[in-house]
Every structure is written in structure tokens, then in C-alpha cells.
K.L.:
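Questions regarding the structure given below will be posed in turn.
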Number of protein chains: 2
Amino acid sequence: MRVSAKAEYACRAVLELTRYHEKAEVIHIGDIAVRQSIPEKYLVQILLQLQRAGLVKSKRGATGGYALARAPGEISLGDVIRAMDGALIAVESLSDDTNVSDQMSGQHVLKNVWMDVQDRLGEIMDGITFDEISRQAQKSLSMYYI
Amino acid sequence: MRVSAKAEYACRAVLELTRYHEKAEVIHIGDIAVRQSIPEKYLVQILLQLQRAGLVKSKRGATGGYALARAPGEISLGDVIRAMDGALIAVESLSDDTNVSDQMSGQHVLKNVWMDVQDRLGEIMDGITFDEISRQAQKSLSMYYI
DNA sequence: TATCATGTTGACTAAATTAGTAAACTAACG
DNA sequence: CGTTAGTTTACTAATTTAGTCAACATGATA
């Protein structure tokens, strides 16, 4: 089960926006790209996708940029993955329309298994918010200043 | 998070072998391929990989074929996915060696998040055995005979 | 022991997906 | 207006995945 670079970039972008959420200002794409080592032109697409999913908002023009659309505690890992991939788990049998003849093969049964796994993975991923992730980042970072 | 066709094929192959496990006989690759609609030449690779992971065993020669290496109740979904992909979750930051400078970016923090998710996904997937999956298959199949 | 049906291995190719780039466009501020 | 920054669409390159092939090894059996 592979997590795409795109999905991880998206998480890093949201994490970066989380750090600036208190200040209620927008950040430029370029700044996010530099600070999180994400190819800027690629990040353009990612942020637009996050925006269409309602996770971030933008301000256009000279003083423009991006900010989170809601509080970091209200944005979960699952939200971001779903915004990028459409669903938490992508597997052939989940997208296929299954017919009765498939009953004989393992396809239909496995479809149910994947749906079950997806639900339970959802419970895990929806329980991890960027508020928590960000706090954990501060914590592990502070260890270097003791 | 994408599950490859290869991983799903592997699950279907193990499911097919589960059905014949009681009889303690081997099944030919060709039969598994036909019954589970898997390209035979591709299945060859998959079964070898499952064998190297110790999940199936083979008998060579004229009366050869494949069988499960242990009871279906002792083979989990997690076992099969790990046999195919090496780990449950493949993500750039998990394979990378992280250095201190990465602390500043989200890479290091996310690495911990992915490891956490992987552990918890493992608990889910290791709890789903092919014995159960097979029984569920029988159950849903029998509905068509009422 | 010849042979035939099977598993084994590694190299290869084609298709699909992912990752990344470019450029023209639109909106807002000064 | 000019400059800065987001928007959109199209394109390309790189990588991964899916699948094929052919030569080989093994074991049952006639």
C-alpha cells in the first residue's frame, strides 16, 4: 500500500500552513515550497486540489497566498489523503462493478474485505489531526534545544 | 494508498489455495490462474514470492503444484501484503534516512506518523486471516442457493 | 532412462501512472 | 497601469506496474 509523493507533499503543505494558522495570514506557495522542499510548480496543483476539497483557502493578487480553511484540529490525515486520492484505499476490486459471476472468484469477497479495512483505516486516520502532528513536531524539535 | 493488482492477485491465489487446504493436495498454477482470473505467467512470479515469504510451498515435477505452507487461520492479510510489498505502507519518508536538518521540515514528523499508522494498520490486517475470509466467501455464496 | 508435465529463474517489454514543467490567464493591491 | 501571486490546462519525462518469454530444473511414470 503505497502513499504517493503527492499525498505526502500535501501533508507537509498542510503542516506548514498549520504553523502559521494562529497568525491568520496567508503564505505564498513559494515559501511553502522552499520550507518543505516541495517542487513549487507541483505544489501549485496540490494546493488547488486541497482548496477544492475545502481544506485550504486562498487570497489572490499581490498580497495573496494560502491559509487553512479551518482549524488544524479539524483537519485530519484522512481528510488530506482523501483530498488527494479520492479514497483512503484504491484497489481494482473496489472501483469495479461486481457481478454475480464474480462470487465464484475471490474478487467479491475481497471487495468486502477491502471495504472493511478502509473503514477501520479511516477511524485511525481521521483520529490524527494536524494540530496533534504539529504539536508533536514542536516537541521533537525542542529536544534539540535542551 | 493504493493496493497493487499484484497484491490483490496474491490474496486471491491464497484464497484459492485455502479452499483446497483440507484435501492436502497441491493445485497447478494454471488452475489457480483460471479459477481466479489471473494472468498465468504473472501468477508464476507471485507464487514464487509467496513461497519465498514462507506462505506457500511447492511440489515440483509432473504431479507438482502449490499448497499453503500453513493453516489458513495462520495466514493473515498482512502476511500476504508484506510478502508482496515488503511492508504494509510504502512511503518516501519511511525508506529515507532522515537527518537532523529534516527536523525543520515536516518529513521527520510525518515519518513518525506513517510508522504509527503502519503499526495500527498491521493490527487490523494481521487480525484478518484467510480462514475467516474463506468462510465469509462460503457464506455470501450460499445466499444464492436459498 | 526418456519424456512429459510441472515449477524456477531472470531478462525483457509495454502500458499505465506518477511526478514534474510550462505557459497563458485572472485577480488584487499599490 | 504595472507588478505580484493564485488559476487553469496542457504537456513531458521518469518511474512503476503489469505482463510476457524463453531457457532451465525437477520429479513421476512409462
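Chain A is the first sequence line, chain B the second, and so forth, proteins listed ahead of strands; every chain is numbered from 1.
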K.L.:
Hey, which sits more toward the 5' end of DNA chain C by its nearest nucleotide, B:Tyr66 or A:Pro39?
P.N.:
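This one resolves to B:Tyr66.
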K.L.:
Should B:Glu8 and A:Ser93 be marked as a side-chain contact (heavy atoms from CB on, under 4.5 Å) after you check the CA-CA gap, both sets of side-chain angles, and the distance that decides it?
P.N.:
CA-CA 8 Å; B:Glu8 175 150 17; A:Ser93 65; 3.0 Å; yes
K.L.:
Tell me, which of residues 49-58 of chain B have any heavy atom that sits under 4.0 Å from an atom in DNA chain C?
P.N.:
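Under 4.0 Å from DNA chain C: B:Gln51, B:Arg52, B:Ser58.
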K.L.:
Do any N or O atoms from the side chain of B:Arg70 and from the backbone of B:Glu74 form a donor-acceptor pair under 3.5 angstrom?
P.N.:
yes
K.L.:
Mind checking which nucleotides bracket the chain B contacts on DNA chain D, 5' to 3', with an atom under 4.0 Å from a heavy atom?
P.N.:
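Span of nucleotides near chain B: D:dT17 to D:dA28.
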K.L.:
Can you tell whether the side chains of A:Arg135 and A:Glu132 come within less than 4.0 Å, N to carboxylate O?
P.N.:
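Here A:Arg135 does not pair with A:Glu132 in a salt bridge, since their nearest N and O are not under 4.0 Å apart.
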K.L.:
Measure all distances between protein nitrogen or oxygen atoms and nitrogen or oxygen atoms of nucleotides 1-6 of chain C, and list the pairs falling under 3.5 Å.
P.N.:
{"from": "C:dT6", "atom 1": "OP1", "to": "B:His28", "atom 2": "NE2", "distance (Å)": "3.3"}

K.L.:
Starting from P on C:dA19, measure out to CG on A:Leu47 and report it in whole angstrom.
P.N.:
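So the two atoms are 16 Å apart, to the nearest Å.
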K.L.:
What is the distance, to the nearest angstrom, from the CD atom on A:Glu8 to the P atom on C:dT18?
P.N.:
16 Å
K.L.:
Could I get the full list of side chain to side chain contact (heavy atoms under 4.5 Å, CB included) partners for B:Glu123, not counting sequence neighbours?
P.N.:
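So B:Glu123 forms no side chain to side chain contact (heavy atoms under 4.5 Å, CB included) with any residue.
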K.L.:
Is the shortest distance from a Lys or Arg side-chain nitrogen in A:Lys111 or A:Asp116 to a carboxylate oxygen in the other one below 4.0 Å?
P.N.:
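Not counted as a salt bridge, because no side-chain N and carboxylate O are separated by less than 4.0 Å.
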K.L.:
Between the protein and nucleotides 11-14 of chain C, list the N/O to N/O atom pairs that are separated by less than 3.5 angstrom.
P.N.:
none

K.L.:
side-chain contact (heavy atoms from CB on, under 4.5 Å), that's the test. Do A:Ile46 and A:Met84 meet it? Break it down for me.
P.N.:
CA-CA 8 Å; A:Ile46 293 167; A:Met84 290 297 112; 4.1 Å; yes
K.L.:
Between A:Arg2 (side chain only) and B:Ala90 (backbone N and O only), is there a donor and an acceptor less than 3.5 Å apart?
P.N.:
no
K.L.:
Between A:Arg82 (side chain only) and A:Gly86 (backbone N and O only), is there a donor and an acceptor less than 3.5 Å apart?
P.N.:
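Checked: no pair found.
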K.L.:
So, the side chain of B:Glu16 versus the backbone of B:Gln36: is there a donor-acceptor pair under 3.5 Å, distance only?
P.N.:
no
K.L.:
Distance check needed: C:dT18 C1' versus A:Ile46 CD1, whole Å only.
P.N.:
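These atoms are roughly 11 Å apart.
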K.L.:
Quick one: ring pair (Phe, Tyr, Trp, His ring centres under 6.0 Å) partners of B:Tyr9, sequence neighbours excluded?
P.N.:
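Here the qualifying residues are B:Tyr42.
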K.L.:
Within the side chain of B:Gln118, is there an N or O that forms a donor-acceptor pair under 3.5 Å with the backbone of B:Ile89?
P.N.:
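Indeed, once roles are kept as given, a pair shorter than 3.5 Å links the two residues.
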K.L.:
How many whole angstroms separate atom NZ of B:Lys41 from atom C1' of C:dG10?
P.N.:
14 Å
K.L.:
What's the CD-C1' distance between B:Glu40 and C:dT8, to the nearest Å?
P.N.:
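Roughly 14 Å, once rounded to whole Å.
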K.L.:
Are B:Met115 and A:Met1 grouped together when hydrophobic residues (ILVMFWY) are joined by side-chain heavy atoms under 4.5 angstrom apart?
P.N.:
yes
K.L.:
Whole Å only: how far is the CD atom of B:Glu92 from the C1' atom of C:dA19?
P.N.:
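So the two atoms are 11 Å apart, to the nearest Å.
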K.L.:
Can any side-chain N or O of A:His21 pair as donor or acceptor with the backbone N or O of A:Ala67 at less than 3.5 Å?
P.N.:
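No, the answer is negative, given that no donor and acceptor are paired below the 3.5 Å cut-off.
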